[in-house]
Amino acid sequence: MLLQGTAALSDAADSHRALPAFSAYNLEMVQAIVAASERTGLPVIINAGASAFRHGGRTELARLTLDAAVSSDTPVGVHLDHSRSLEEIFACLELGYTSVMFDGSDLAFADNVRTTRHVVNRAHQMNAWVEAELVGVTGDEDVSTNAVSNAMTDPALAEEFVAATGVDALSVAIGNVHGFSSTPAVIDLDRLDAIGRRVNVPLVLHGASGLPDEVVLACLDRRVAKVNVNTELRRAYLEAVEEDLSRALETSDLVAVLGAAREAVNEVATRILLMLARAE
Ligand SMILES: [Zn+2]
């Protein structure tokens, strides 16, 4: 079934747990994530968008993800991650996405507020919720670039931004970076604490791949209720392909490789679901 509304996020924030938002690029990743949700009985969010649309087609990827979510025994949200395109955001809302992220982090504060509020109004009319961002999380969404965090979210500005936009969830920049990096990211938990005290909506942690579990769990104690995970799933997929490739080439068995990749993604997604639910 579709995971609609923000009650699951609010409940998670109140109980120091979080929902993972896993990025999916193709059919096998969508199936692996839904299977992990069903296996654990825990709700999940699938990020389907951006570069995955360029790879597989927007309508194609959206439809297969929404179909899988609707058919799931457990609640599955379908989310558009990091979009700067209103055309893309409104198209995904029309397709039935349960949430969208408008990323106005490159805009001036007033422009970010104005556009985010516009997206919020439209999304709420369509029974969807909105995540936004004030300060960009550095690094690339789709490949690890050894990014280093720079600017961080200011707690007072975050409070003003949430109040002015009516946004449902806020992505924070607290030292987190997209992708794996060779030097571990240093998370500013005091800053997160201050943001959590001032902002009355669930917080979102991007770039959680590569962070030690105890750091992620410390963020869950500070109102982070959605954790984006992408790189870890991509690595699991690619390593499974590498491991099975030469054997599969002997018999030209494509399905064996795709199946192994799906299984590997399922294992990682299951581990993260349980960790974020504190069920390990
Ligand atoms: Zn992100």
Side-chain angles (χ1 to χ4, degrees), residues 9 12 18-25 29 33 44-55 61 65 77-85 88-89 92 97-107 112 115-116 119 123 129-153 158 161-162 165 167-181 184-188 191-192 195 199 201-211 215-216 219-220 222-235 268-269 272 276:
L9 286 183
L19 274 70
F22 293 121
S23 297
Y25 290 77
M29 294 187 84
I33 295 163
V44 75
I45 296 167
I46 302 179
N47 289 344
S51 55
F53 284 163
R54 289 195 291 280
H55 163 70
L61 184 68
T65 308
V78 181
H79 179 77
L80 177 67
D81 191 32
H82 280 289
S83 186
R84 295 183 166 166
S85 159
E88 181 176 64
I89 286 172
C92 286
Y97 273 47
T98 52
S99 54
V100 293
M101 176 187 186
F102 172 66
D103 180 350
S105 59
D106 62 335
L107 300 176
N112 191 0
T115 313
T116 301
V119 171
W129 57 270
V130 178
E131 174 184 342
E133 189 168 82
L134 199 48
V135 176
V137 175
T138 49
D140 190 285
E141 282 290 315
D142 302 300
V143 286
S144 293
T145 54
N146 232 344
V148 178
S149 154
N150 44 25
M152 299 212 193
T153 305
F161 180 78
V162 169
T165 57
V167 77
D168 304 288
L170 183 72
S171 159
V172 292
I174 50 168
N176 43 325
V177 296
H178 289 125
F180 285 146
S181 44
V186 179
I187 299 298
D188 186 345
R191 180 179 297 273
L192 181 58
I195 299 167
V199 168
V201 296
L203 304 177
V204 181
L205 182 67
H206 286 235
S209 297
L211 289 180
V215 173
V216 175
C219 294
L220 270 48
R222 294 164 174 82
R223 308 293 298 169
V224 165
K226 171 173 172 277
V227 174
N228 281 22
V229 181
N230 183 344
T231 316
E232 262 169 287
L233 299 195
R234 293 201 312 268
R235 281 221 71 88
V268 173
I272 293 170
L276 295 177

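Every number for a ligand or one of its atoms is a count from 1 in the order of the listing.
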Non-neighbouring partners of [X] that pass side chain to side chain contact (heavy atoms under 4.5 Å, CB included), sequence neighbours left out:
X	result
Val135	Ala151, Thr153, Ala173
Ser99	His79, Trp129
Ala24	Met29, Val30, Ile33, Ile46

Open item on the list: Quick check on side-chain contact (heavy atoms from CB on, under 4.5 Å): which of Leu134, Leu203, Val199, Asp188 does Val172 satisfy it with?
Closed with: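 Exactly one pass, corresponding to Leu203.
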
- [ ] To the nearest 0.5 Å, tell me how far Arg234 CZ sits from Ser209 OG.
- [x]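 The CZ atom of Arg234 sits 7.5 Å away from the OG atom of Ser209.
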
TODO: Sum up the protein N, O or S atoms located under 2.8 Å from the Zn ion (ligand 1).
DONE: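 Considering protein N, O and S only, the Zn ion (ligand 1) has 4 within range.
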
Task: Check: Tyr97 side chain, Ala48 main-chain N or O, donor-acceptor pair, under 3.5 Å - done: yes

